[in-house]
Number of protein chains: 4
Amino acid sequence: MADTGPQERARAALARQEIELPSWAFANSGTRFKVFPQSGVPRTAEEKIDDAAQVHRHTGVAPKVALHIPWDKVDDYGELADHARAAGVRIGTINANVFQDDDYKLGSVTNPDPRVRRKALDHLLECVDVMDATGSTDLKLWFADGTNYPGQDDIRARQDRLAEALDETYARLGPNQRVQLEYKLFEPSFYTTDVPDWGTSYAHCLRLGDKAKVCVDTGHHAPHTNIEFIVAFLLREGKLGSFDFNSRFYADDDLMVGAADPFQLFRIMYEVVRGGGYDADSDVVFMLDQCHNIEPKIPGQIRSVLNVQEATAKALLVDTEALAEAQATGDVLGANAVLMDAFNTDVRPMLAELREEWGLAADPMAAYTASGYGQRIAAERVGGQQAGWGA
Amino acid sequence: MADTGPQERARAALARQEIELPSWAFANSGTRFKVFPQSGVPRTAEEKIDDAAQVHRHTGVAPKVALHIPWDKVDDYGELADHARAAGVRIGTINANVFQDDDYKLGSVTNPDPRVRRKALDHLLECVDVMDATGSTDLKLWFADGTNYPGQDDIRARQDRLAEALDETYARLGPNQRVQLEYKLFEPSFYTTDVPDWGTSYAHCLRLGDKAKVCVDTGHHAPHTNIEFIVAFLLREGKLGSFDFNSRFYADDDLMVGAADPFQLFRIMYEVVRGGGYDADSDVVFMLDQCHNIEPKIPGQIRSVLNVQEATAKALLVDTEALAEAQATGDVLGANAVLMDAFNTDVRPMLAELREEWGLAADPMAAYTASGYGQRIAAERVGGQQAGWGA
Amino acid sequence: MADTGPQERARAALARQEIELPSWAFANSGTRFKVFPQSGVPRTAEEKIDDAAQVHRHTGVAPKVALHIPWDKVDDYGELADHARAAGVRIGTINANVFQDDDYKLGSVTNPDPRVRRKALDHLLECVDVMDATGSTDLKLWFADGTNYPGQDDIRARQDRLAEALDETYARLGPNQRVQLEYKLFEPSFYTTDVPDWGTSYAHCLRLGDKAKVCVDTGHHAPHTNIEFIVAFLLREGKLGSFDFNSRFYADDDLMVGAADPFQLFRIMYEVVRGGGYDADSDVVFMLDQCHNIEPKIPGQIRSVLNVQEATAKALLVDTEALAEAQATGDVLGANAVLMDAFNTDVRPMLAELREEWGLAADPMAAYTASGYGQRIAAERVGGQQAGWGA
Amino acid sequence: MADTGPQERARAALARQEIELPSWAFANSGTRFKVFPQSGVPRTAEEKIDDAAQVHRHTGVAPKVALHIPWDKVDDYGELADHARAAGVRIGTINANVFQDDDYKLGSVTNPDPRVRRKALDHLLECVDVMDATGSTDLKLWFADGTNYPGQDDIRARQDRLAEALDETYARLGPNQRVQLEYKLFEPSFYTTDVPDWGTSYAHCLRLGDKAKVCVDTGHHAPHTNIEFIVAFLLREGKLGSFDFNSRFYADDDLMVGAADPFQLFRIMYEVVRGGGYDADSDVVFMLDQCHNIEPKIPGQIRSVLNVQEATAKALLVDTEALAEAQATGDVLGANAVLMDAFNTDVRPMLAELREEWGLAADPMAAYTASGYGQRIAAERVGGQQAGWGA
């Protein structure tokens with residue numbers, strides 16, 4: 001049988017892409033200085049899901065919505081899952097939130113106070129209940145825990161407490177459920193963070209077992225960190241579980257993924273493809289985690305999905321044979337040129353064709369604008385409490 | 001007449017130290033993730049001044065309070081100034097706030113919309129009115145203005161708009177009034193900031209004239225920036241106007257000054273002394289600008305004042321003659337040793353003695369605790385609206 | 001007359017591009033750990049110029065060669081200029097070198113020892129002699145001067161000495177000669193650098209006068225510095241003189257320009273175009289300053305020239321009207337999309353066409369390989385002393 | 001029996017301190033721009049050991065010398081060990097060098113060429129022979145391996161090759177021999193480094209087994225990395241093997257330890273003490289790894305040893321009971337104050353006393369100067385080849 005060629009293989013692979021959207025991206029968000037409210041912002045978990053479904057409607061590659069508990073707390077999670085299905089999407093990762101209660105000022109699961117630790121741990125277990133109810137297979141844990149001042153708390157004791165909470169949470173997981181342990185260099189803690197880097201997350205996941213994986217948030221690294229190296233390394237170790245995609249110029253800016261450094265996003269996606277993370281049987285989860293502080297939220301999500309899709313397309317187009325040969329012979333410029341050739345290719349025409357094959361409009365941004373959805377929600381969603389970080 | 005020696009000269013210089021406190025340090029503050037409220041937090045500008053006065057009562061070197069408009073908006077600024085005087089302190093720098101109105105989503109004085117620019121400029125002029133009413137001599141301008149995405153706005157046009165606003169504000173200043181132009185690398189804007197570094201502030205101040213000075217916030221620099229170099233350079237150019245003191249491990253953490261890198265604070269104070277910025281006739285303003293997110297606010301301010309005082313004392317103790325000689329002969333280790341000798345000196349006993357000479361308790365932290373002030377305000381300040389960022 | 005359209009305007013502008021090559025890029029270079037020698041490396045200034053001429057032969061946009069004195073010291077600079085002309089290129093910027101003599105351990109023009117300062121200054125003046133002899137119009141000054149340890153020398157006194165040397169050098173310039181003052185955050189000095197940032201360079205250039213300009217080396221900034229902001233600002237102030245192009249992932253890696261962050265290079269070139277720095281009457285100089293430690297040198301230079309050319313082409317293709325409209329209306333996503341549309345365009349076919357119009361091969365890398373020049377110099381340049389940093 | 005008190009416990013602990021000196025610190029070193037030679041620099045491994053012995057003579061806490069092979073290659077390592085013993089010191093860690101041969105341009109053990117990999121691996125095994133001959137128990141591996149350009153080589157394949165080399169080296173170790181795997185963010189490789197962070201080193205060491213430990217070089221981290229967190233974490237995991245002490249303001253400056261941030265060094269030593277790394281039975285190795293580019297080398301080493309000693313003394317003086325109590329009750333300012341109290345203590349008088357108890361001069365720097373050793377070696381070490389990086 002004839003080889004279908006890299007273009008055909010790329011198209012086939014792009015057809016099975018799944019990018020997961022964060023429900024909170026549709027809510028108001030901002031910096032510590034100010035949250036600028038937008039019109040039409042959802043007031044309920046259902047409205048967030050409706051907005052996410054619009055993104056999928058126009059892109060075709062965003063069929064999942066991640067929830068944040070308690071931001072998306074509802075009485076009946078089964079009904080919420082049904083609502084999602086009816087809207088054409090499904091519930092993805094469940095994100096625990098143990099950083100917005102007054103009790104968590106000095107930490108959640110690593111707090112020196114055992115009462116607070118118990119409360120935080122109970123919330124994590126509650127999140128597994130939500131997984132059971134929604135059919136979600138992934139629990140994402142991000143801990144804001146840490147300290148602001150040297151000496152404030154004992155670095156090692158906090159690791160002991162963290163390990164204890166992780167162990168109990170892990171034990172509660174069902175056979176098809178996983179825990180994704182996110183790391184972050186700093187913010188909101190400024191001196192130490194209890195899971196500051198991939199090494200810390202990796203070490204805990206290793207102890208926990210096969211159902212524990214590392215979550216790589218692309219905005220959570222120290223300056224100059226080579227993220228694609230981490231991706232390649234974790235894939236080799238079988239420990240890459242998921243991405244929180246966003247981009248940044250400085251700290252954890254949570255800008256649209258690919259906006260700050262599209263070449264970096266391409267390099268990351270290349271290592272994902274290279275390491276099997278995009279294979280048909282891969283269980284790596286590709287989430288967005290962003291804040292649209294000043295741009296409209298639904299178009300912001302559409303643009304982000306397109307950015308990931310374009311980077312993936314370029315990564316799939318790398319001529320791997322030519323690359324391997326140049327690498328093997330130590331041809332530095334030649335090997336680099338093979339990679340750059342894929343990056344410099346304009347994949348937008350190919351993706352527009354693909355969308356039309358899938359029965360979608362060639363231009364998702366224009367199609368969304370034409371749909372009138374934005375004006376409709378601005379008109380309808382009046383009254384009630386706008387959703388936002390902490391709402 | 002006999003030389004009084006470096007110790008005596010240091011003591012005399014320490015007696016005239018004035019550190020300015022920010023009214024907002026006593027209010028609730030936090031990160032974008034959460035503001036943890038504290039008990040006893042002030043509800044009015046007057047209560048903030050009362051708290052600041054406590055810091056001065058126990059340290060003896062914090063006689064001024066900076067205001068933030070509109071956070072500290074009152075009907076009668078003359079009365080507020082009287083309130084301060086009665087409490088033993090006086091009004092210092094007026095800080096403009098053009099970042100917390102919904103109109104400022106895309107900038108204030110650099111906004112593409114002329115209506116918004118006018119509104120922001122009017123606020124700056126209003127702040128000069130407040131200066132007139134309170135007798136304040138310094139207007140501090142920090143602009144959150146910038147962009148989040150490449151292409152979002154025109155970098156150069158924004159400089160033109162900024163220049164226009166600065167020109168009009170400068171023209172409004174009285175003969176004894178100055179403008180302090182603060183710079184900041186990023187946050188809340190993530191791609192460009194309209195005054196990102198000292199060079200930008202310096203260039204604008206140079207155009208404006210003698211009454212325009214650069215404000216150095218110690219947390220507003222790119223990683224690895226040598227702040228004391230900037231201080232030395234600006235003093236040489238006659239353009240150093242003021243400090244916003246705080247410390248940081250990562251970005252603009254706004255931790256207690258000296259908490260993250262006491263050696264850096266010492267080096268900064270050494271260059272201040274070296275360059276004449278601490279001379280009796282210097283008009284450099286030494287402000288704190290901090291957020292006590294998790295520690296109690298009044299003790300947090302006391303500790304910060306003590307940290308600046310200790311760094312100043314060490315800087316004053318440097319054996320400048322020995323240093324100059326080692327430098328002139330290229331004695332690298334010898335010159336470094338002279339500086340380190342001062343830094344390694346424990347100046348706390350000397351400062352305790354000085355306080356007792358001034359009629360204060362030797363240990364300001366203990367004296368504050370013993371005063372019962374903290375419990376009193378926690379009991380009394382119930383009801384009303386706690387002050388906070390944006391409150 | 002009909003508008004020729006952006007494509008036509010871009011093609012016309014690309015036809016007058018001039019990228020200047022550094023003679024030292026063709027010599028051996030390395031890190032502090034090791035210099036890996038390459039075959040065919042030039043042994044004389046003439047051979048370096050021959051290699052540079054090859055780059056121009058295949059790209060058509062690299063007609064100038066920058067010299068480094070004393071690395072390119074010859075007895076008769078007039079003859080060297082003739083040699084260049086015969087090879088199809090001309091002498092560009094003269095680079096002074098006051099960092100490789102044993103005397104400069106503690107600095108050159110800022111050294112505490114007046115004898116060393118005089119020696120360094122004499123070298124700067126000698127470089128102006130070379131300019132006179134070669135017809136070069138630009139003197140580039142990079143000072144490695146600084147200190148490694150706090151206290152080692154007096155920061156302010158070093159500025160005084162720097163100013164003195166710059167003043168005397170400036171006074172020596174002819175009417176059509178300029179000085180380009182380069183800045184660099186660190187390396188080889190680790191604590192302070194005497195010209196660490198654009199602000200310092202700008203302030204000195206302002207004092208010196210119109211013939212003093214700032215040189216922006218794209219690898220010389222603190223992490224997270226927004227270089228295009230600096231470019232836009234300096235153009236607005238009329239103080240941008242030149243670029244030293246290269247790229248970096250971490251510090252001053254001196255990799256091929258555009259290799260680490262092609263989007264950044266595009267943003268820089270967009271601001272250059274926007275600010276008039278690419279206008280027909282602009283005198284901004286576009287130099288490369290790179291080290292090909294592991295890749296072959298001539299192809300490394302060709303690739304670098306192509307990278308600048310491609311970024312320039314994309315910058316010229318930005319739909320400035322659509323951009324201005326989106327910016328004016330605060331359309332964040334729309335404005336960003338206009339810029340990204342140009343960046344995402346594959347300009348390689350257009351550039352290949354252009355080259356053929358100019359009588360060149362469509363693919364300069366392939367043409368160079370086919371020329372056999374690389375093998376020829378490897379065979380011929382045997383014996384003698386290979387050129388290198390310090391050779 | 002009465003508690004001897006923290007001061008007494010600190011003194012006892014300080015008496016058993018062992019800081020290991022790097023033989024190469026006594027040789028010429030520099031930056032990629034220039035090596036400034038110094039007079040009296042050793043020409044042989046024996047002379048390096050003699051210089052190291054001087055440092056121990058005056059400080060009493062530096063009884064070991066680390067070797068670098070092949071920089072310290074000798075015919076008879078047994079004789080070299082005897083020479084060390086006769087000078088009052090002993091051979092410490094053996095450092096492999098697989099970065100200065102022309103073959104290693106594209107890597108050593110991770111090179112795409114199997115011949116080069118074999119050569120590099122053979123060198124590692126040869127270093128174990130040197131350990132056998134000298135009685136050294138530790139093999140330190142730092143790999144300069146990595147890539148400069150995206151695509152240049154396969155990130156994952158390089159990990160496979162690295163693992164293979166480590167496995168074979170580990171298998172060669174005797175029962176009392178260990179391998180210390182060092183990590184470094186960048187330099188001399190600029191895009192990827194094959195062991196860039198502690199997580200990578202940790203993962204390999206975990207696979208290798210109990211005799212593989214992580215080496216923490218304090219200058220090898222991304223900006224803003226919290227090094228003491230890593231120290232605490234690795235001690236908790238039983239995987240901290242050794243330190244390469246130095247300090248830096250920017251990248252891997254290799255300045256004297258404690259010179260850039262003495263508070264950081266104190267925090268690191270506090271975590272070492274807290275985590276048992278300084279216990280009497282701890283096998284953590286405390287090495288210096290520095291370059292004295294501009295300061296004299298032996299005094300530079302003495303100063304560095306004193307800096308580590310002072311930081312250790314302060315760490316040992318922390319009132320751990322008061323600290324634990326403040327931490328347990330969430331007293332942020334109180335806990336920080338306990339730590340700062342130790343840091344602010346001037347420990348120099350206590351250390352001077354201790355030295356006199358040990359029969360040493362109170363002031364090691366003065367004693368070295370008075371010894372005349374520096375002048376003697378400057379006069380005697382004439383002719384021959386000065387040692388240096390690569391010599």
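A, B, ... follow the sequence lines: proteins, then strands. Residue 1 opens every chain.
- Heavy atoms only, all atoms of each residue included: B:D261 and D:D261 are closest at OD1-OD1, 3.9 Å.
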Kindly indicate, with the supporting measurements, whether the criterion side chain to side chain contact (heavy atoms under 4.5 Å, CB included) is fulfilled by B:T225 and D:Y250. CA-CA 9 Å; B:T225 300; D:Y250 305 97; over 6 Å; no

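- In terms of non-hydrogen atom pairs under 4.5 Å with chain D, the most contact-rich of B:P262, B:A251, B:A259 is B:P262.
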Please walk me through it: do B:R348 and D:T345 pass side chain to side chain contact (heavy atoms under 4.5 Å, CB included)? CA-CA 9 Å; B:R348 294 174 300 171; D:T345 301; 3.8 Å; yes

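- Heavy-atom pairs under 4.5 Å with chain D peak, among B:H292, B:M365, B:M340, B:E295, at B:E295.
- At least one donor-acceptor pair closer than 3.5 Å links the side chain of D:H224 to the backbone N or O of B:F249.
- Within residues 298-306 of chain D, the residues that have a heavy atom under 4.5 Å from a heavy atom of chain B are D:P299, D:G300, D:R303, listed by number.
- Contacts of B:N307 with chain D are absent, with no heavy-atom separation under 4.5 Å from either backbone or side chain.
- Contacts from residues 324-338 of chain B to chain D, taken as heavy-atom pairs separated by less than 4.5 Å, involve B:V332, B:L333, B:N336, B:A337 in sequence order.
- Only the backbone of D:A260 comes within less than 4.5 Å of a heavy atom of chain B; no side-chain atom from C-beta onward does.
- B:E310 touches chain D through its side chain: at least one heavy atom from C-beta onward sits under 4.5 Å away, while N, CA, C and O do not.
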